[in-house]
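Note sheet for the following structure.
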Amino acid sequence: QVTLVESGGGLVQAGGSLRLSCVASGRAFSEFGMGWWRQTPGKERVHLAAISGSSRSTFYADSVKGRFTILRDNAKNTVYLQMDSVQPEDTAVYFCAASLGFVGDSRARQSAYWYWGQGIQVTVSS
């Protein structure tokens, strides 16, 4: 059983930066792949980024590649999403999630991730 808690969301101006954090409970954090998703009302939840347990493999959706960076610190049981050059289209609820293995697919199903955080709002003003 793993509990995930996101933090760091809020209001940011277009062109600015934001750093989301997700702290995991439990043991064996390094054995889980981690991912970030986002969702806006009326739209499907989108797989944005993923990172393997060792940090040797990463995935980014085209919409965020070059702007967002996924990072993890296994000693702190924490995964981060560094969001740079944010735009109003980035406004959404952001979720972190844990998978049994690395999920490097833009079309990944939500069920590929076994544990989910509660979600945190990010709003980008123009």
Side-chain angles (χ1 to χ4, degrees):
Q1 185 68 31
V2 176
T3 300
L4 306 174
V5 180
E6 301 102 332
S7 63
L11 179 65
V12 63
Q13 293 184 351
S17 296
L18 205 64
R19 186 178 178 91
L20 304 182
S21 299
C22 176
V23 178
S25 69
R27 309 178 188 277
F29 174 75
S30 64
E31 296 181 9
F32 288 96
M34 298 296 297
W36 286 96
W37 296 65
R38 72 184 180 193
Q39 186 170 29
T40 56
K43 294 185 177 180
E44 188 177 55
R45 192 171 295 184
V46 175
H47 194 211
L48 297 180
I51 188 167
S52 63
S54 67
S55 298
R56 291 188 175 185
S57 298
T58 57
F59 156 80
Y60 297 97
D62 289 343
S63 60
V64 304
K65 189 175 297 182
R67 298 189 300 122
F68 292 7
T69 305
I70 188 169
L71 305 161
R72 70 190 295 161
D73 185 342
N74 289 342
K76 296 181 178 179
N77 275 207
T78 302
V79 63
Y80 306 93
L81 186 67
Q82 178 66 42
M83 304 167 60
D84 296 322
S85 301
V86 297
Q87 299 298 314
E89 64 192 24
D90 296 317
T91 295
V93 175
Y94 284 70
F95 300 86
C96 70
S99 59
L100 185 60
F102 174 64
V103 181
D105 186 353
S106 64
R107 301 297 301 275
R109 295 180 178 180
Q110 292 178 224
S111 60
Y113 287 86
W114 288 15
Y115 304 101
W116 291 81
Q118 78 284 358
I120 189 165
Q121 179 71 42
V122 172
T123 301
V124 182
S125 64
S126 60

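Hydrogens, waters and symmetry mates are skipped; everything else that's a heavy atom, side chains included, is used.
- There is a path of hydrophobic side-chain contacts, each under 4.5 Å, that joins I120 to V2.
- Residues P88 and A14 share a closest heavy-atom pair of CD-CB, 4.1 Å.
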Query raised in the report: side chain to side chain donor-acceptor pair (under 3.5 Å) between E44 and Q39: does it pass, once the steps are laid out?
Result: CA-CA 6 Å; E44 188 177 55; Q39 186 170 29; over 6 Å; no

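- By the 6.0 Å contact criterion, CD on Q110 is enclosed, its count of non-hydrogen atoms from other residues, nucleotides or ligands being greater than 12.
- Checking side-chain atoms of Q121 against main-chain N and O of G9 turns up no donor-acceptor pair under 3.5 Å.
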**Report entry** Audit row: M34, L4, side chain to side chain contact (heavy atoms under 4.5 Å, CB included) steps and yes/no
**Finding:** CA-CA 11 Å; M34 298 296 297; L4 306 174; 4.1 Å; yes

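- A heavy-atom distance below 4.5 Å is not found between the side chains of L20 and Y80.
- Placement of L81 and V46 within a single hydrophobic cluster is found when ILVMFWY residues are connected by side-chain heavy-atom separations under 4.5 Å, directly or transitively.
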Query raised in the report: Would F102 and I51 satisfy side chain to side chain contact (heavy atoms under 4.5 Å, CB included), going step by step from the backbone distance to the final call?
Result: CA-CA 6 Å; F102 174 64; I51 188 167; 5.5 Å; no

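- The backbone N or O of V124 lies less than 3.5 Å from a partner atom in the side chain of T91, making a donor-acceptor pair.
- R67 places a side-chain heavy atom less than 4.5 Å from the side chain of D90.
- Side-chain contacts under 4.5 Å among hydrophobic residues (ILVMFWY), followed directly or transitively, place Y113 together with W37, V93, F95, V103, W116.
- Judged by distance alone, the side chain of S99 and the main-chain N or O of A112 form no donor-acceptor pair under 3.5 Å.
- With a 6.0 Å radius and a threshold of 12 heavy atoms from other residues, nucleotides or ligands, Q13 has its CD atom at or below the threshold.
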Query raised in the report: Where do D73 and T78 land on the side chain to side chain donor-acceptor pair (under 3.5 Å) test, with the steps shown first?
Result: CA-CA 5 Å; D73 185 342; T78 302; over 6 Å; no

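- The OG atom of S52 sits 14.0 Å away from atom CZ of F32, with the distance rounded to the nearest 0.5 Å.
- Y115 and Y94 fall within the same hydrophobic cluster, defined by Ile, Leu, Val, Met, Phe, Trp and Tyr side-chain heavy atoms under 4.5 Å apart, directly or through other members.
- A 4.5 Å side-chain heavy-atom check between L18 and V122 finds at least one atom pair inside the cut-off.
- S125 OG to Q87 CD: the interatomic distance, rounded to the nearest 0.5 Å, is 11.0 Å.
- Seen from the ring of F29, R72 counts as a face-on cation partner, given the 6.0 Å and 45° thresholds.
- L100 and V79 fall within a single hydrophobic cluster, where Ile, Leu, Val, Met, Phe, Trp and Tyr are joined by side-chain heavy atoms under 4.5 Å apart, directly or via other members.
- Under the 3.5 Å distance criterion, the side-chain polar atoms of H47 are left unmatched by any main-chain donor or acceptor of R109.
- Remark: C96 SG to L48 CG distance equals 12.0 Å, nearest 0.5 Å.
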Can I get a per-line list of side-chain donor-acceptor pairs under 3.5 Å for residues 59-66, giving both atom names and the distance, sequence neighbours left out?
from, atom 1, to, atom 2, distance (Å)
Y60, OH, I70, N, 2.9

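- Summarising the geometry, atom OG belonging to S55 is positioned 6.0 Å from atom CG belonging to N74; distances are rounded to the nearest 0.5 Å.
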Query raised in the report: Could you go step by step and tell me if E6 and W36 meet the side chain to side chain contact (heavy atoms under 4.5 Å, CB included) rule?
Result: CA-CA 10 Å; E6 301 102 332; W36 286 96; 4.0 Å; yes

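- Judged by distance alone, with hydrogens and angles left aside, the side-chain atoms of R19 form no donor-acceptor pair with the main-chain N or O of Q82 at under 3.5 Å.
- In this structure, the separation between CD on Q118 and OG1 on T3 is 10.5 Å, given to the nearest 0.5 Å.
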